[in-house]
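Working notes for the structure below.
As a basis for the values below, the full set of heavy atoms in this structure was taken, side chains included, without hydrogen atoms, waters or symmetry mates. Below, read A as the first sequence line, B as the second, and so on, with proteins coming before strands; counting in each chain starts at 1.
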2 protein chains.
Amino acid sequence: MQNLLEHIDKFVSLDESEKELLLSRISYVEARKKQFLLEAGKPGYKLFFVLKGCLRLYLITPKGNEQTHQFVIENWWMTDYLAFHNDSVSGFYVQAVERSEVAVLQKSDMDFLLEKIPKLERYFRLCYQKAVGAAQKRISYLFSLSAEERFHNMNDKFPEFVQRVPQYMLASYLDFSAEFLSKIRAGKV
Amino acid sequence: MQNLLEHIDKFVSLDESEKELLLSRISYVEARKKQFLLEAGKPGYKLFFVLKGCLRLYLITPKGNEQTHQFVIENWWMTDYLAFHNDSVSGFYVQAVERSEVAVLQKSDMDFLLEKIPKLERYFRLCYQKAVGAAQKRISYLFSLSAEERFHNMNDKFPEFVQRVPQYMLASYLDFSAEFLSKIRAGKV
DNA sequence: TAAAAAACTTGAAGTACTTCAAGAAATGAA
DNA sequence: TTCATTTCTTGAAGTACTTCAAGTTTTTTA
């Protein structure tokens, strides 16, 4: 959990008793590859923080395709935020892309912690502020680049990440078919 | 500004002196139709809250097309959050779609207010939490529905809004061409 | 280490859009 | 009210993808 404490420490400083209280309300989970942390149709009252590894958030379209919305690596929070905000069932799956170590925060525990440690409001406000910015950026790539440009942009900026995840997941993240990604890589487009 | 105070009041309660302090640091702007509140390439250190009217956030793609990312009506905050978070120049334009009344909060004033009135951390944390959820929802529509389905979904859920904005802006929000929207409406697709 | 399963590749055919160009309708300004 | 400007419509031609189906490679499991 050291990673999480360090991440929080970048934004607000907690004393030892606060850290202890925090850790008493956060659980630790090891997820093996492909394991689900959250499933569509089930209650979405949890936030996940990646300590190590990689998670993805995806949904299944009416046609039955997987669409990856988000990949999250070390030091990011993720969940279905609408379900989390509204205390409703999740529309998304959260799945481990590789063996991962994850901190899990139930919403009720988050509420408890925010009440006891108001400084955490600031921490989450800043995390969310960054998350909204990242979501805006993501939409601008989807909007303004062609499929091929989206792949090359990704490959230029995060080459190690492109190696790290299966191509079909990456294709669904970039919003085109796995076959098309294969053709882009082969230069056949 | 009453709208803003009421909105804040839904999440946290401020006493009179806090309200006064808040209002002393927030400015009021009336924007006529098409007027810009923020322009790409200029500093993006401002948050906007729509008291009345409608704003849109858009960018101009490398090819020269306008892409509307977000429409915002009464009681929502908006800005280029990445620029806001990183104190950098905006990548987006914020423009009044119709005559609008807007509360403007400079980042430096926000920092000041958050320090003096820590309860506001909670207010913005909740606003942002909802905003991340809305962004996720938006991406799922873009991903999983066809152009025609996106239009009908919008028309079913927000018929009055579809009337309220020019079609070419709506088309760019739904990520297809204005001509194609025209054909969808005429049933020629 | 073999067999099974998962992931990737390839080509051919189809389709959901875009682009362009021109005209019509609606809106705004003098 | 009139003219200028902005917005919307229409059809024809083009293109950036998708889908399908089959084969190949890589990874996982027993």
Side-chain angles (χ1 to χ4, degrees), chain A residues 31-36 54 56 58 60-68 71 93 95-100 141-155 161-189, chain B residues 31-36 53-54 56 58 60-68 71 95-100 141-155 161-189:
Chain A
R32 57 182 191 285
K33 194 170 176 174
K34 299 229 161 185
Q35 186 178 324
F36 291 105
C54 177
R56 69 165 177 148
Y58 74 93
I60 297 192
T61 67
K63 282 187 192 164
N65 297 321
E66 285 182 9
Q67 301 276 14
T68 302
F71 288 110
Y93 297 83
Q95 186 190 41
V97 173
E98 59 194 34
R99 190 195 152 281
S100 300
Y141 285 133
L142 288 172
F143 266 8
S144 56
L145 302 179
S146 70
E148 199 176 352
E149 289 165 338
R150 293 199 296 279
F151 172 71
H152 287 129
N153 177 62
M154 189 86 188
N155 208 18
F161 187 77
V162 169
Q163 299 307 319
R164 193 166 163 184
V165 303
Q167 274 186 44
Y168 73 94
M169 284 188 196
L170 187 65
S172 85
Y173 178 73
L174 295 173
D175 198 24
F176 48 73
S177 68
E179 293 92 336
F180 196 64
L181 177 49
S182 188
K183 284 164 197 174
I184 290 172
R185 281 169 39 105
K188 296 195 178 167
V189 50
Chain B
R32 56 182 190 288
K33 194 171 174 171
K34 299 227 159 190
Q35 187 180 322
F36 291 105
C54 177
R56 68 166 177 148
Y58 73 93
I60 298 194
T61 68
K63 281 188 191 163
N65 296 322
E66 286 181 9
Q67 302 275 18
T68 302
F71 287 110
Q95 187 191 41
V97 174
E98 57 193 35
R99 188 195 153 279
S100 301
Y141 285 135
L142 287 172
F143 266 8
S144 56
L145 302 180
S146 71
E148 200 177 352
E149 289 165 339
R150 294 199 295 278
F151 172 71
H152 287 129
N153 177 62
M154 188 85 188
N155 209 18
F161 187 77
V162 170
Q163 298 308 317
R164 193 166 161 184
V165 304
Q167 275 186 43
Y168 73 93
M169 284 187 195
L170 187 65
S172 84
Y173 178 73
L174 295 173
D175 199 24
F176 48 74
S177 69
E179 292 92 336
F180 196 64
L181 177 48
S182 189
K183 283 164 197 174
I184 291 172
R185 281 169 40 103
K188 297 195 177 165
V189 49

Look at the aromatic rings of A/Y93 and A/F36 and report parallel, tilted or perpendicular, splitting at 30° and 60°. tilted
Listing, residues 162-171 of chain B side-chain donor-acceptor contacts under 3.5 Å, not counting sequence neighbours, or none:
from, atom 1, to, atom 2, distance (Å)
B/R164, NE, B/E98, OE1, 3.1
B/R164, NE, B/E98, OE2, 3.2
B/R164, NH2, B/G53, O, 3.1
B/R164, NH2, B/E98, OE2, 2.8

Once side-chain hydrogen bond (donor to acceptor under 3.5 Å, both in side chains) is applied, do any residues pair with A/S146, and if so which ones, sequence neighbours excluded? A/E149
Check: B/S100 side chain, B/A31 main-chain N or O, donor-acceptor pair, under 3.5 Å: no
Going 5' to 3' along nucleotides 15-21 of chain C, which nucleotides have protein heavy atoms under 4.0 Å from the base (write B), which only from the sugar-phosphate (write S), and which from neither (write -)? --SBBB-
In this structure, how many angstroms lie between the C1' atom of D/dT26 and the CD atom of A/Q163, rounded? 14 Å
Which angle, rounded to 10°, do you find between the first-five-pair axis and the last-five-pair axis of the helix from C/dT1-D/dA30 to C/dA30-D/dT1? 70°
Going by heavy atoms in the side chains, are A/L145 and A/H152 under 4.5 Å from each other? no
Using a cut-off of under 3.5 Å, enumerate the N/O to N/O pairs linking the protein to nucleotides 3-8 of chain D.
from, atom 1, to, atom 2, distance (Å)
D/dT7, OP1, B/K34, NZ, 3.3
D/dT7, OP1, B/Y168, OH, 3.3
D/dT7, OP2, B/Y168, OH, 3.4
D/dC8, OP1, B/Q167, N, 2.9
D/dC8, OP2, B/Q167, N, 3.1
D/dC8, OP2, B/Y168, N, 3.1

Would you mind reading off the distance between B/R32 atom CZ and C/dT27 atom C1', rounded to a whole angstrom? 18 Å
Would you call A/E66 and A/R56 a side-chain contact if the rule is heavy atoms closer than 4.5 Å? yes
What is the separation between atom CD on A/E98 and atom P on C/dA7, rounded to the nearest whole Å? 14 Å
Mind checking whether A/R150 and A/F176 have side chains closer than 4.5 Å, heavy atoms only? yes
For B/E148, give me all partners under side-chain hydrogen bond (donor to acceptor under 3.5 Å, both in side chains), at least two apart in sequence or on another chain. none
Note, A/R185 side chain near A/F151 side chain (heavy atom, < 4.5 Å): yes
Within a strict 4.5 Å, meaning less than it, do heavy atoms of the B/F143 and A/N65 side chains meet? no
